[in-house]
Amino acid sequence: MTAAHADPASPPEPLWRPGPDRAAASQLARFHAAAAARHGAPPPADGDPAASYAALHRWSVTHLEAFWHAVTDWFGVRFSSPPRAVLADPVMPGARWFPGARLNYAEHALRAAADPALAGAPALLCADERQAEPRAVSWAELRRQVGALAAELRRLGVRPGDRVAGYLPTVPEAVVALLATAATGAVWTCCSPDFGARAVLDRFQQVEPAVLIAADGYRYGGRAHDRTATVAQVRRGLPGLRAVVHVPLLGTSAPEDTLDWAAVTAGEAEPVFAQVPFAHPLWVLYSSGTTGLPKALVHSHGGILVEHLKQLGLHCDLAAGDRFFWYTSTGWMMWNFLVSGLLVGATVVLYDGSPGHPAPDAQWRVAARTRATLFGTSAAYVMACAKADVRPGRDLDLSATRCVATTGSPLPPSGFRWLHEEAGAHLWIASVSGGTDVCSCFAGAVPTLPVYAGELQAPCLGTGLRAYAPDGTPLTDAVGELVVTTPMPSMPVSFWNDPDGARYRESYFEMFPGVWRHGDWVTLTSRGTVVIHGRSDATLNRQGVRLGSSDIYETVESLPEIAESLVVGVEQPGGGYWMPLFVRLAPGAVLDDALRDRVRAVLRERLSPRHVPDEILQVPGLPHTLTGKRLEVPVKRLLSGTPLRQAVNPGSVDDPELLEVFVRLARQRGVVSGDDYGK
């Protein structure tokens, strides 16, 4: 991987700049002025937005208490019990935010329903592959359904701290279920219905839910996918369930021993919002499961609330009356982020279906039809549209859309230019980067700053983003490990079933004690922008969704013909992503088309279509560490063009000669010339 160098003496021309009036009207600019007047922030620099933002960011990470007090003040966060402080024990891990405070995430998400001017306006706009007029769910109706379901959950014995699990696509029922769970103080967790039973149980069995809310299926790619058998298998694997709620998205009747969704949301109960401590668990998200079971990441009511208010209100510049659309599944943290659009009073646009059905421009049509203010998608979708010669700016009315945002993988410069030329020169292009781990962004959208092709605009406020050399030296204009040197409220309060915090510390704080190491390669330029280069570890990132290699190994190696396997994901020039699966066959087995088809079929059926590799390649053997671990990271580095002597220490490998297979493959693919592979 090569470093991205910026020449301060001759900086590139920005692709886009906000007009002065647009920048001045942004919530970020108005927040800056208020923070300077009331909380000690440096005043804005007249006529120099870059200097203004740099000063505000520097203050936000050196005066964390003042900054986060300013955020809660600006957004009117309601503490039913006031905090004793903003930040206690400001070390990582273990920082304690707003001790003594009590609040509820769902109460804030439904605040707009109490405004008579908004109660009849849409809180949700629900679209699907049929490209029909989106269905609206008003703020008043959303609040009513949340109140009804929360009352039913309490009737079922659900109490604060209990878990409620969803097996649902991106439909309004999932939003209602999340908010009703949060209203009771219970803990929400969810999987997308394209996950197979094994992948679901690997997650839900860890948290032992009391209630399961499950769809009978989903529609994708023009087809209905029945999941009743999968739901039955999941239920058998969760013996602690007290109740199952049947959501008939495909029109099936509720089994005798289940509750029907319509019945449990038919009531008129006013929502009752349990007032919980700031650090009380809100939901559990899951890591990719690269080295075992997915880590169950516990995020808090207060941490998510204040972080998402900052991110959506200040960085994304969203407010009441705006419309927020991000293409996502419920199995990706971006769904949780999308739902939080309700916190700022924005209408949330839900799309249930394939990103490219019935045509490659499907997402753009949803954005146009719903008049989305901010349209978010994956970098992979943008590049696919460019290859398919989609012309959204020419063919669709995108006049209501101010911003197109991307995440999931780095958007290459050509993707920025395509958006500017083919979607609209007026569009603010916000490439953002963060993670499931914090359910937010480390760097990305800043409405007052210019956009440079291939670069994220800046580190986010309150985020001490740095690039570190292996020895912990901060780097500028060179590639390093992405680290965060200051605590963030949305960092996990814990991992589930990790009572002493050992797994938590090992995951983020082992390389640089006291500093969060995220697992991305990053460059912080001397102009203040950020370049993300991809993962520095073995995490797979397919179509914007992080996948676990261990899920793939378990599934593939259940076939008798496969003795062992190894999968890696390699970022390609131009924004592509290559995910090959290497297999060592059992004696007598042959890797023919029939076996390849069986491998693909079992991955699709048990896990999801995203888990299906781009290629299945036979190798004579797979290299391991001396303790028997698969060498995923070194293999990925070799296939990315890293010379062998830099990718791995041969002395740590059980059979170093097996590495030559990947060296030869990299040569064949033209990643680097053969001379670059020294031994």
Side-chain angles (χ1 to χ4, degrees), residues 14-19 21-23 25-26 122 124-136 170 312 315-328 334 338 341 344 346-408 411-432 444-447 450-451 453 457 544 575:
L15 190 67
W16 175 90
R17 288 184 186 274
D21 292 344
R22 180 171 177 170
S26 69
L124 307 174
L125 284 174
C126 313
D128 57 33
E129 293 179 346
R130 293 171 292 185
Q131 301 289 317
E133 191 65 22
R135 176 169 64 91
T170 308
L312 292 164
H315 286 282
C316 295
D317 201 28
L318 289 170
D322 287 328
R323 294 186 171 186
F324 179 33
F325 168 43
W326 204 297
Y327 179 81
T328 179
M334 290 308 302
L338 174 65
V344 295
T347 297
V348 167
V349 177
L350 305 174
Y351 177 66
D352 178 27
S354 164
H357 182 86
D361 66 351
Q363 292 184 44
W364 292 103
R365 291 191 176 277
V366 173
R369 186 174 292 107
T370 60
R371 297 190 64 75
T373 307
L374 188 155
F375 164 39
T377 187
S378 68
Y381 178 72
V382 171
M383 300 312 296
C385 286
K387 292 176 183 176
D389 200 28
V390 172
R391 303 286 181 87
R394 180 194 67 185
D395 300 336
L396 301 168
D397 178 7
L398 297 174
S399 58
T401 303
R402 298 195 305 256
C403 177
V404 173
T406 69
T407 193
L411 182 66
S414 60
F416 280 77
R417 288 189 286 270
W418 181 85
L419 285 171
H420 186 72
E421 294 165 4
E422 299 296 346
H426 71 288
L427 288 172
W428 166 27
I429 302 168
S431 178
V432 305
V446 182
V451 172
Q457 288 175 283

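Positions are given from 1 along the sequence. We use all heavy atoms of the structure for the numbers below, so side chains are in, but hydrogens, waters and symmetry mates are not.
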Next on the checklist: Please give me the minimum heavy-atom distance between A453 and L15, naming the atom from each residue.
Outcome noted: N-CB, 4.5 Å
Checklist entry - Looking at side-chain heavy atoms only, is the closest gap between S431 and T406 below 4.5 Å? => result yes
Next on the checklist: Side chains of T170 and Y351, heavy atoms from C-beta outward: is any pair under 4.5 Å?
Outcome noted: no
Item to check | Side chain proximity check, D395 to V390, heavy atoms < 4.5 angstrom | outcome: no
Checklist entry - Of L125, V349, T377, L350, which meets side-chain contact (heavy atoms from CB on, under 4.5 Å) against F325? => result V349
Checklist entry - Mind checking whether F375 and L398 have side chains closer than 4.5 Å, heavy atoms only? => result no
Checklist entry - How about R323 and P122: do any of their side-chain heavy atoms sit closer than 4.5 Å? => result yes
Checklist entry - Between Y381 and Q363, is there a donor-acceptor pair closer than 3.5 Å when you use the side chain of the first and the backbone of the second? => result yes
Item to check | Spatial distance of atom CH2 (W326) from atom CG (L338) [nearest 0.5 Å] | outcome: 9.5 Å
Next on the checklist: Quick one, R371 with D397, criterion side-chain contact (heavy atoms from CB on, under 4.5 Å). Give me CA distance, side-chain angles, the key distance, then yes/no.
Outcome noted: CA-CA 8 Å; R371 297 190 64 75; D397 178 7; 3.5 Å; yes
Item to check | pair W428-P18: side-chain heavy atoms closer than 4.5 Å | outcome: no
Item to check | Side chain proximity check, R22 to P447, heavy atoms < 4.5 angstrom | outcome: no
Checklist entry - Between R365 and D361, is there a side-chain N and carboxylate O pair less than 4.0 Å apart? => result yes
Checklist entry - When rounded to the nearest 0.5 angstrom, what distance separates CG in D322 from CZ in R402? => result 4.5 Å
Next on the checklist: Between L427 and H420, does the side-chain contact (heavy atoms from CB on, under 4.5 Å) criterion hold? Intermediate values first, please.
Outcome noted: CA-CA 7 Å; L427 288 172; H420 186 72; over 6 Å; no
Checklist entry - Taking side chain as C-beta onward, heavy atoms only, is W16 less than 4.5 Å from H426? => result no
Checklist entry - Residues in salt bridge (charged side-chain N to carboxylate O under 4.0 Å, His left out) with R417, at least two apart? => result none
Checklist entry - Does E129 reach the main-chain N or O of G353 with its side chain, forming a donor-acceptor pair under 3.5 Å? => result no
Checklist entry - CZ of R391: more than 12 outside heavy atoms within 6.0 angstrom? => result yes
Next on the checklist: Please report the interatomic distance CZ(F324) to CG(L318), rounded to the nearest 0.5 Å.
Outcome noted: 6.0 Å
Item to check | L419 vs L411, side-chain contact (heavy atoms from CB on, under 4.5 Å): CA-CA, chis, key distance, verdict | outcome: CA-CA 11 Å; L419 285 171; L411 182 66; 4.0 Å; yes
